[in-house]
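Order of the sequence lines sets the chain letters (A, B, ...), proteins ahead of strands, with each chain counted from 1.
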Amino acid sequence: MALLDNLNPPQLAAVTIESCHALVLAGAGSGKTRVLTTRMAWLIQTGQVSPHGLLAVTFTNKAAREMLTRISAMLPINTRGMWIGTFHGLCNRLLRAHHRDAGLPQTFQILDTSDQLSAIKRLLKGAGVDDEKYPPRQLQHFINAAKEEGLRPAEVEAYDSYNRQMVELYAMYEAQCQREGVVDFPELLLRCYELLSRNALIREHYQHRFRHILVDEFQDTNRLQYRWLKLLAGGGAAIFAVGDDDQSIYAFRGANVGNMAEFEREFAHDRVIRLEQNYRSHGHILDAANTLIRNNSNRLGKNLWTDRGHGEPIRVYEALSDAQEAQWVIEEIRSLVGEGRLRREIAILYRSNAQSRVLEHALFSAGIPYKVYGGLRFFERQEVKHALAYLRLMENPHDDTAWMRVVNFPARGIGARTLEQQADIARLNGCSLYAAVSQVPGRGGNNLAQFAALIDRMRFETQNLPLHEIVDHVIEASGLVQHYLNEKEGAERIENLRELVNAAAAFAAEDGYAQTDAGALPQALPEAGIELPSPLAAFLAHAALEAGDNQASDGQDAVQLMTVHAAKGLEFEAVFITGLEEGLFPHENSLLEQSGLEEERRLMYVAVTRARERLYLSFSQTRMLHGQTRYNMRSRFLDEVPESSLKWLTPRNGRARTADVAGGWGRTAWGEENPAGSVSRAGKDAPYLGSSEGYSNRRTSAGVEVNGRTFRVGQSVVHPKFGEGVIIGMTGNGPDAQVQVNFGSAGTKTLALAVAKLEPV
DNA sequence: GAGCAACGTGTTTTT
DNA sequence: CACGTTGCTC
């Protein structure tokens, strides 16, 4: 069968496995998406399931689109109406179709993360809660974490008064959302889960319908998503889960890697298939990745291999400063481009966004086209969100979040005092702000009434207009366009508003609307009372669920800059991993727990496996961060990569970080192979002039001078109380300089150099 | 009610 | 350093 041509044995086994639960451990670059889509096509082509009986779920819209594209290419079927989408997108479909049973208005709106935060702030203000004691962000995290565990307020255990208050606020937040007819992201999932578990008729319909459930990036699922899948598969559907525990990098937002092991135990005991042949990277790169990740415990276990040969060694560079590191990157990029490589095939990766600035500056000065990923997406721009807020109010005037957003934007003389009055009345009556308008006295009340009338008028005037004309009308009638016309940097914002009109036209014209909603109609379930949402409601849901491109477009051949997280799933001919320093990568905030460090290591694993042919690793002795110079040691991850795969462009010095054994710290001279335990005392400083070889001794790190004594990272010091220790980090300069010292058994202390009685040994 | 200055605060991110 | 938020003044 042509479909199965060119699959390797494990891929073939995975694609054609019997109709039963299975777990595919797919290493980086092992053909994961291909296996997933080919299995779907194969199931359909062999008549084992109709397109209608398949459910495929991913985490990103991009992955869902990719899947649809590939299936269309493999099979001559209409993918429209197939249930392929993100967890949130599919839940949205289900909730729209069964909004009554889910207890939601048909026009329910979706709050994105920032909408949710402003809703929470408004709640705290209204309830008179001290937002210093209960920070909105913390409450948001508390609520979302609870929902992702499947817990409603009544089910959250509160041990102390603080937590009781948090739970209380959670309950109030829920009531507020319900009253306003809005749902946040985790609510989409939880509400959908509850809908299915409580309503036997609907549950059985979908359990019966979906015979095969395929899950992408299974390592990123949270507990609720796992339960959701289990529930849907409860009627005998086969779950085909694909993932890579080594690439689980989203634990910080609730992903539970444990789901993979649990799934194996619960469903797929002897049906685990490993895809270990890597088609992406050369041998040295894979060796580095394999050796590195072996330092993690609790892995399901997997070793990537390739038949592409070793390729070039991984190049390692130590810079004096972040600026110099950037300069070096520029030079390497110039020579890569000189060799004929495309700029878009070169990626510069970093752990945190703050690191991009220096790199951007250097690229800009050098006149090298580049593109930074991350940052604001289209539907997150303030002018676009303003326009969407007007549209939301037309659809549902009781959406208080949208109301507050634009009630006085553009300014129409409605101030804080008036809005407080209005909020008080609304709270007293338990109604929305919109419903409270008529009771607000005075001129403020008048202005509010005018605003309410504006919304009503816009709704009336756009009746029966096609979607994009509605949007066009609203950006004008709201005064948004006029407002930005008067602003000096408004031209781009107006562009974006016009672009929103285009987006609406594209959404209506394409399969967007039909795809996300009409396709949801469960024909076999007329008694459920299905209604079609309006095109506007569908468009608003689309805007919330798909925030748009992170940038991209414009087609120019440009170097790609992004965080390691953003690089997951991508690949490049040449990759730079910059800022490989202790405290940065691994990030200091993750070092408190073993699990945090292991996630950082997986992150490094992801970074390394992005490269096809050439990989560069770099770190710097000093780095500007938060306005002060930091002195970092090179990342431990550099030392977890086999020396035989590396080529040092600068002399290799010392060890990556303080030894775990107290006092076991030193630096080897350049040229030594530095076998474990072989450490020698530091030599004298020599000026460091770049990448030329031949300095047998030089500084591992820049130092700080205090009272005529020089301190630097890696140095042994003695303290009258804590005894002997090693400096493992420095921040600040001059009188503000602080050092972190590892005193072995006495622990690690942070000391101010100007005050502490530290003596160099 | 609107605009500006001081303050403080800083991972990673998709839906 | 560079952002967003708060608090203050006109």
Side-chain angles (χ1 to χ4, degrees), chain A residues 57-64 85-92 110-118 121 131-132 135-137 141 144 147-148 183-190 192 216-217 220-222 224-225 248-255 322 349-358 361 373-377 379-380 382 408-420 443-444 447 541-550 562-569 579 583-592 596 599-600 602-604 606-607 623-630:
Chain A
V57 57
T58 62
F59 275 87
T60 64
N61 293 296
K62 196 175 152 199
T86 62
F87 279 100
H88 294 85
L90 296 173
C91 287
N92 177 52
I110 300 168
L111 299 184
D112 70 14
T113 312
S114 64
D115 293 332
Q116 184 190 27
L117 190 63
S118 42
K121 284 180 181 164
D131 60 0
E132 304 258 290
R137 282 175 183 286
H141 181 258
N144 289 348
K147 288 188 181 185
E148 281 166 6
V183 296
D184 55 43
F185 285 135
E187 182 73 24
L188 281 170
L189 276 148
L190 182 52
C192 185
D216 190 20
E217 306 279 19
D220 289 338
T221 50
N222 63 35
L224 180 57
Q225 286 159 341
S248 163
I249 56 174
Y250 287 113
F252 72 91
R253 67 172 199 223
D322 45 1
L349 308 184
Y350 35 80
R351 174 71 233 283
S352 63
N353 285 307
Q355 288 164 251
S356 76
R357 184 186 312 276
V358 196
H361 178 75
Y373 287 78
L376 274 198
R377 277 126 21 123
F379 286 113
E380 291 168 351
Q382 69 143 319
N408 196 36
F409 192 95
R412 43 177 75 86
I414 298 172
R417 201 185 65 250
T418 305
L419 291 172
E420 254 167 57
R443 229 187 88 219
N447 290 341
H542 166 80
L545 289 172
E546 186 159 4
D549 279 335
N550 242 338
M562 64 193 86
T563 63
V564 180
H565 281 94
K568 189 177 156 206
L584 245 193
F585 197 1
H587 197 278
E588 53 200 349
N589 296 356
S590 65
L591 293 176
L592 299 167
E599 176 142 324
E600 294 288 308
R602 291 193 293 269
L603 203 46
M604 180 67 183
V606 168
R623 184 172 297 275
M624 243 342 220
L625 205 65
H626 306 328
Q628 55 176 357
T629 309
R630 289 174 45 132

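Remark: C1' of B/dG10 and CZ of A/R630 are 11 Å apart, rounded to the nearest angstrom. Note: CD (A/E600) to C1' (B/dT12) measures 8 Å, nearest angstrom. In this structure, CD of A/Q382 is placed 13 Å from C1' of C/dG4, rounded to the nearest angstrom. Separating the CG atom of A/L419 from the P atom of B/dA2 is a distance of 10 Å, rounded to the nearest angstrom. Regarding A/N61, its CG atom lies at a distance of 9 Å from the C1' atom of B/dT14, rounded to whole Å. Here the P atom of nucleotide B/dT11 and the CZ atom of A/R602 are 21 Å apart, to the nearest Å. Computed from coordinates, the A/N408 CG to B/dG1 C1' distance equals 8 Å when rounded to whole Å. Atom-to-atom, NZ of A/K147 to P of B/dT15 comes out at 19 Å; the value is rounded to the nearest Å.
A/D112 comes within 4.0 angstrom of no nucleic acid atom, judged by non-hydrogen atoms across all strands. Residue-level contact check: A/Y250 touches the backbone only, with heavy atoms under 4.0 Å from sugar-phosphate atoms and none from bases. Nucleic acid contact for A/R351: base, since at least one base atom lies under 4.0 Å from a heavy atom of the residue. Within 4.0 Å (heavy atoms only), A/A544 reaches no atom of the nucleic acid at all.
No donor-acceptor contact under 3.5 Å links the side chain of A/T113 to the base of B/dT14.
A sub-4.0 Å separation between OP1 or OP2 of C/dA2 and a side-chain N or O of A/R357 is present. Phosphate proximity of B/dT15 to A/N222: absent, as no side-chain N or O sits under 4.0 Å from OP1 or OP2. Taking only side-chain nitrogens and oxygens, A/R412 never comes nearer than 4.0 Å to OP1 or OP2 of B/dG1. Note on A/N92: every side-chain N or O is 4.0 Å or more away from OP1 and OP2 of B/dT15.
Taking the charged nitrogens against the carboxylate oxygens, A/E148 and A/R253 have no contact shorter than 4.0 Å, which rules out a salt bridge.
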Steps toward side-chain contact (heavy atoms from CB on, under 4.5 Å) verdict (A/V606, A/I249): CA-CA 9 Å; A/V606 168; A/I249 56 174; 4.1 Å; yes
Test log, rule side-chain contact (heavy atoms from CB on, under 4.5 Å), inputs A/T221 and A/F87: CA-CA 9 Å; A/T221 50; A/F87 279 100; 3.8 Å; yes
Stepwise side-chain hydrogen bond (donor to acceptor under 3.5 Å, both in side chains) check, A/Q116 with A/T113: CA-CA 5 Å; A/Q116 184 190 27; A/T113 312; 5.6 Å; no
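In this structure, B/dT12 shows a glycosidic angle more than 90 degrees from zero, which is the anti conformation.
Between C/dT5, B/dT11, B/dG1, one nucleotide has an atom nearer to the side chain of A/S590 than all others, and that is B/dT11. For A/H565, the listed nucleotide lying nearest its side chain is B/dT12; candidates were B/dG1, B/dT15, B/dT12. Ranking C/dT5, B/dG1, B/dT15 by closeness to the A/T60 side chain, first place goes to B/dT15. Closest to the side chain of A/R253, out of B/dT14, B/dA2, B/dT15, is B/dT14. With distances taken from any side-chain atom of A/A566 to the nucleotides B/dT13, B/dT15, B/dG1, the minimum falls on B/dT13. Of the candidate nucleotides B/dT15, B/dT13, C/dT5, B/dT15 has the atom lying nearest to any side-chain atom of A/F185. Nearest nucleotide to the A/L545 side chain, out of B/dT11, B/dT15, B/dT12: B/dT15.
Each of A/I414 and A/K62 lies near DNA chain B, and the nucleotide nearest A/I414 is the one positioned closer to the 5' end. Between A/A411 and A/T563, the residue whose closest nucleotide on DNA chain B is further toward the 5' end is A/A411.
The aromatic ring of A/F252 sits over the base of B/dT12, with ring centres less than 5.5 Å apart and planes tilted by under 30°.
Checked against the 6.0 Å centroid threshold, A/H565 and A/F252 count as a close aromatic pair.
When all heavy atoms of A/A567 and A/L349 are compared, the closest pair comes out as CB-CD2, 3.8 Å.
For the pairing with A/T86, the side chain to side chain contact (heavy atoms under 4.5 Å, CB included) check across A/L545, A/T58, A/N92 returns one residue only, A/T58.
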